[in-house]
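Please read the structure below before turning to the comments.
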Amino acid sequence: MLARELLRQSPDRVRQALTDRSADPAPVDLWLGLDADRRRNLVEVEELQRQRNEASKAIGERKRRGEDASVAIAAVGETKQRIDALEKELAGIDENLRAVELALPNVPSHDVPVGPDESANRLVRTVGEITAFDFEPQAHWDLGPALGILDFERGAKLAGARFTAYFGLGARLERALIQYMLDLHLEEHGYTEVLPPYLVSSDALVGTGQLPKFAEDLFKVEGNDLYLVPTAEVPLTNLHREEILEAADLPLRYTAYTPCFRAEAGSHGRDVRGLIRQHQFNKVELVQLVEPERSDAALEELTVHAETILQRLELPYRTVCLSTGDMGFSAAKTYDIEVWLPGQQAYREISSCSNCGDFQARRAGIRYRPAEGDKPTYVHTLNGSGLAVGRTLIAILENYQQADGSVVVPEVLRSYLRTDRITAS
RNA sequence: GGAGGGGUGGCUGAGUGGUCGAAAGCGGCGGUCUUGAAAACCGUUGACCUUUCACGAGGUCCCAGGGUUCGAAUCCCUGCCCCUCCGCCA
């Protein structure tokens, strides 16, 4: 949610932000109208309430003295009716205002490249050399089944397209990656591990921005106000919803492994093969709640935290800064980390690290007190994948594959996997 | 699933439908005292919104949402959450 002061004082900036995102700027004017209506109405209601309170007080006093108050009671009746009518109107305005506010995306940071889509993304850095092969590298959807560690047909038998069953060292590799990533973030990057619920309420999803606009991307539990988490960003960021934190508590750094569930509505036909786009995938997430002045630096750090995993796994990747047209709804600035996949001869997203500024904090009511006696202000929230586990497994299979179809296990994972090579059994 | 008991300010905990945003205690902050600290004493101590250049003024909030009433923390309804006992269950 955007600050109301921003909308009132700099509507042009918000209109421009929407245009840069290839979104319709019209809601800004709708908002301005509703806001003016609201304030006009509110001033009137409050004046009438003041009159009513005064009258009620006088009635109470008369009654206490045993005097007749029926005249005064009758006199207040009209005020009461006007209050009721205006309050009803006000509730309607508030509801509309909130609906408009909740649908407005965040304003991009000034240093974000302006452009319509991913073609305008800015390359930040490229790390590692593209893996060279003296044979034709296979895609993971061929390697995995051949090794007996990924079974797409049986996954589909259980749950349909975009579900996969892992077997043997495949399952173990996925588990090892989760463990390795968590350990690294705990031990070296100062995060606190959290094991959150995998189902969350609509309030939590509104807090991080998935709702109300993107309900069709979510799996909802029938008959309950519960949704399968699309990312651990949702539970982690919402841990402190409606709280006022102390400055000394910040920064808060949380990491969690969760499965992630996405309906992938509107992506029919995209990445239908293999593990890349699944309805259920595993992810280790990084979330930070920080003081506003610290969030720019925190995004750089968090992105490096995610990149470190790829460096330790010795996987080639590049980092790009998303353009205004390619960013997510809640983000002010986003770095995507893209890993090299030899099977596709392409860099593919494996992590997305965003600074959401106070956008989510406003929605979720996460504040802190800068100093004793200060008014509470909104924290800044950041999140990033550290990393998407399924896609990391793909990257390992494709980059570490050998001419004989076996896969060498990256050095740092050998103690977790208890083997240095995955071969067909 | 059955039966019962609760949800009040940072915490504990009062609160006959009417000067209650809410007693009291604790904690926090400021001060007096002290060489310093502790103790004691005094004062202070919520959030949000509107309005004002400002001082200030006003409104809302006692889990949430409805309702009754001139007036609701207090009465009624619904929901959510917590606790105890029983049943069931990983």
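Proteins get letters first, then strands, A, B, ... in listed order; numbering begins at 1 in each. These figures come from a predicted structure and were not determined experimentally.
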Checking side-chain hydrogen bond (donor to acceptor under 3.5 Å, both in side chains) against A:Glu54, which of A:Arg50, A:Lys57, A:Gln51 comes through?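 The option that passes is A:Arg50.
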Applying ring-ring contact (aromatic ring centres under 6.0 Å, His included), which residue pairs with at least one partner in residues 243-279 of chain A are found, sequence neighbours left out?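 For residues 243-279 of chain A: A:Phe163-A:His279, A:Phe219-A:His279, A:His240-A:Tyr254.
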[atom1] gap between [N] and [M], integer Å:
N	M	atom1	answer
B:rG9	B:rC85	C1'	33 Å
B:rA72	B:rC20	P	15 Å
B:rA47	B:rA40	C1'	34 Å
B:rG30	B:rA38	P	11 Å
B:rU12	B:rC83	P	14 Å
B:rG79	B:rA22	P	33 Å
B:rG13	B:rC63	P	15 Å
B:rG17	B:rU74	P	11 Å

When we call it a touch if two heavy atoms are under 4.0 Å apart, what does [X] touch: a base, just sugar-phosphate, or nothing?
X	value
A:Arg362	nothing
A:Leu42	sugar-phosphate
A:Arg369	sugar-phosphate
A:Arg40	nothing
A:Arg62	nothing

Hey, is the main chain of A:Leu245 close enough, under 3.5 Å, to the side chain of A:Asp249 for a donor-acceptor pair?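 No, A:Asp249 side chain to A:Leu245 backbone: no donor-acceptor pair under 3.5 Å.
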Which nucleotide wins on minimum distance to the side chain of [X], given the candidates [options]?
X	options	value
A:Glu46	B:rG58, B:rC48, B:rU60	B:rG58
A:Arg50	B:rU60, B:rG58, B:rC49	B:rG58
A:Gln49	B:rC48, B:rG59, B:rG71	B:rG59
A:Ser56	B:rG59, B:rG18, B:rC48	B:rG18
A:Lys80	B:rU69, B:rG59, B:rA47	B:rU69
A:Arg367	B:rU51, B:rG59, B:rA47	B:rA47

How are the rings of A:His185 and A:His189 set relative to one another: parallel (under 30°), tilted (30 to 60°) or perpendicular (over 60°)?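 The arrangement is tilted - the two ring planes meet at 30° to 60°.
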May I ask which nucleotide in the shown strands pairs with [N], Watson-Crick or G-U wobble, both distances under 3.5 Å?
N	result
B:rA3	B:rU84
B:rA22	none
B:rC62	none
B:rC33	none

Does a donor on one side chain sit under 3.5 Å from an acceptor on the other, for A:Glu314 and A:Tyr400?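 Per modelled atom types, A:Glu314 and A:Tyr400 side chains form no pair under 3.5 Å.
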Enumerate donor-acceptor pairs with a distance under 3.5 Å from any side-chain N or O in residues 139-150 of chain A to protein atoms, sequence neighbours excluded.
{"residue": "A:His140", "atom": "ND1", "partner": "A:Glu398", "partner atom": "OE2", "Å": "3.0"}
{"residue": "A:His140", "atom": "NE2", "partner": "A:Leu275", "partner atom": "N", "Å": "2.8"}

